[in-house]
Enquirer: 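Would you mind keeping the following structure in view while I ask a few things?
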Number of protein chains: 2
Amino acid sequence: MAETYKVDAIDQKILSYLVKNARMPFLEIARECGISGAAIHQRVKKMEDAGIIAGSRMVVKPKALGFDVCAFVGVQLVSTNLYAGVIEALKMMPEVVECHFITGEYALLLKIFCRDNEHLMDVLVNTIQNIPGISRTETFISLDQAIERPVYVKDRSVIKG
Amino acid sequence: MAETYKVDAIDQKILSYLVKNARMPFLEIARECGISGAAIHQRVKKMEDAGIIAGSRMVVKPKALGFDVCAFVGVQLVSTNLYAGVIEALKMMPEVVECHFITGEYALLLKIFCRDNEHLMDVLVNTIQNIPGISRTETFISLDQAIERPVYVKDRSVIKG
DNA sequence: ATTGAAACCGTTGTGAT
DNA sequence: ATCACAACGGTTTCAAT
């Protein structure tokens with residue numbers, strides 16, 4: 001987790017391709033950027049080492065895996081200092097894909113995927129509510145996900161373009 | 001967006017690797033699964049064609065790109081039938097990475113990334129509030145993202161293991 | 001930090017089962 | 001749906017700059 005690496009214009013251009021297609025060949029990126037494939041390779045490696053790139057993922061439609069229900073869950077804690085233990089318990093739940101510590105009425109906001117409403121019910125009542133330190137929850141079911149995309153990377157197009 | 005493809009145990013095993021590392025060589029997956037590289041290739045292509053795999057992404061730490069602030073925004077609409085137009089306006093905003101139509105007090109839940117609090121202020125007051133059809137918003141700043149991972153893919157390990 | 005070259009390895013199309 | 005094979009191209013390392 002070094003925090004010294006500075007992402008320059010070429011790095012940004014490289015990332016602008018890779019956030020849209022993680023399997024884009026480095027040689028193709030090299031041709032777009034006007035530098036060698038070896039240079040792309042080394043820059044990507046450096047960004048991985050610096051923690052700027054935190055891995056890569058194929059994006060799989062949850063429905064194809066049988067997860068028909070997406071929901072957000074606001075969670076109130078008995079006491080904020082129970083945070084660490086609650087996180088550990090949530091990490092054990094495969095349904096939880098995101099957990100944020102947020103400002104406002106709820107201490108935590110979770111994003112979860114469940115097979116169906118019955119599964120959601122089970123997760124809420126039998127799993128989440130049984131985690132020590134969690135008091136109240138409120139559930140917001142996502143009926144439609146209209147936008148889903150990576151963080152914005154400006155393609156400054158400094159080299160060739 | 002065909003909805004007929006059935007993800008079998010081998011597909012699941014393939015996906016279980018690719019959701020964790022989009023650049024994992026198909027030949028390596030082939031060795032793990034005990035089938036040929038060509039078979040992996042064709043299965044992945046089929047899943048892409050069927051819309052089960054919706055692309056791939058390098059995961060970039062927002063902070064490295066200068067996005068220090070992550071927030072969720074609950075959005076109330078003047079009228080629900082303005083949904084489509086609002087979505088179009090939100091798609092134009094690079095800060096918005098997710099938008100869900102949810103149950104509860106707010107019609108929409110957005111996830112946004114901003115450079116700093118000033119940028120967040122600008123986005124809330126000068127951009128989001130100016131979109132026709134949006135009435136009230138409430139903002140929840142994410143102070144810490146404790147969990148961030150892909151949808152759970154069971155690795156059934158049916159073949160070799 | 002970038003390069004070209006080289007060795008290695010993966011990808012992808014084909015034809016057969 | 002799978003395979004083996006082969007042509008092609010990508011990855012990765014390295015000495016040199």
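The chains referred to below are lettered A, B, ... by the order of the sequence lines, with proteins before strands, and numbering in each begins at 1.
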Enquirer: Specify the separation, in whole Å, of atom CZ of B:R43 and atom C1' of C:dT12.
Expert: 17 Å
Enquirer: Just do the ring pair (Phe, Tyr, Trp, His ring centres under 6.0 Å) check on A:Y152 and B:F113 with the steps written out, would you?
Expert: CA-CA 9 Å; A:Y152 180 65; B:F113 282 100; over 10 Å; no
Enquirer: Name the nucleic acid region contacted by B:A39, choosing base, sugar-phosphate or nothing; use a 4.0 angstrom heavy-atom cut-off, strictly under.
Expert: sugar-phosphate
Enquirer: Nearest whole angstrom, please: distance from the P of C:dG10 to the OH of B:Y17.
Expert: 15 Å
Enquirer: Send over the distance from A:I40 CD1 to D:dT13 P, rounded to a whole Å.
Expert: 16 Å
Enquirer: Atom CD of B:E32 to atom C1' of C:dG10: distance rounded to whole Å?
Expert: 16 Å
Enquirer: Identify whether the distance between the nearest side-chain nitrogen and carboxylate oxygen of A:E95 and A:R115 falls below 4.0 Å.
Expert: no
Enquirer: Would you say A:R23 has more than 12 foreign heavy atoms packed within less than 6.0 Å of its CZ?
Expert: yes
Enquirer: So what does B:Q42 hit on the nucleic acid, given a heavy-atom distance under 4.0 Å: a base, only sugar-phosphate, or nothing?
Expert: base
Enquirer: Look at the side chain of A:I10 and decide which nucleotide, out of D:dC3, C:dT2, D:dT11, has an atom nearest to it.
Expert: C:dT2
Enquirer: Write down the distance between CG (B:L18) and P (C:dG10), rounded to a whole number of angstrom.
Expert: 15 Å
Enquirer: With respect to the phosphate group of C:dG10, does any side-chain polar atom (N or O) of B:R31 fall under 4.0 Å of OP1 or OP2?
Expert: yes
Enquirer: Of the options D:dC3, D:dT2, C:dA1, whose atoms approach the side-chain atoms of B:S36 most closely?
Expert: D:dC3
Enquirer: Would you tell me if any nitrogen or oxygen in the side chain of B:R23 comes within less than 4.0 Å of OP1 or OP2 on D:dG10?
Expert: no
Enquirer: Can you tell me which nucleotide in D:dT11, C:dT11, C:dA1 comes closest to the side chain of B:F26?
Expert: C:dT11
Enquirer: Given atom CG of B:L27 and atom P of D:dG9, what is their separation to the nearest angstrom?
Expert: 18 Å
Enquirer: Would you mind checking if B:K91 and B:E88 are paired as a salt bridge, meaning a charged N to carboxylate O distance below 4.0 Å?
Expert: yes
Enquirer: When the distance from CD1 of B:I29 to P of C:dT12 is rounded to whole Å, what number comes out?
Expert: 12 Å
Enquirer: What is the separation between atom CE on B:M24 and atom P on D:dT11, rounded to the nearest whole Å?
Expert: 16 Å
Enquirer: Name the one of A:V75, A:V73, A:I102 that satisfies side-chain contact (heavy atoms from CB on, under 4.5 Å) with A:L109?
Expert: A:I102
Enquirer: Using a cut-off of less than 4.0 Å, is there contact between a side-chain N or O of B:H41 and OP1 or OP2 of C:dT12?
Expert: yes
Enquirer: Tell me which of A:K45 and B:A38 sits closer to the 5' end of DNA chain D, going by the nucleotide each one is nearest to.
Expert: B:A38
Enquirer: I want to verify a distance call: between D:dT11, C:dT11, D:dC3, whose nearest atom is closest to the B:I35 side chain?
Expert: D:dC3
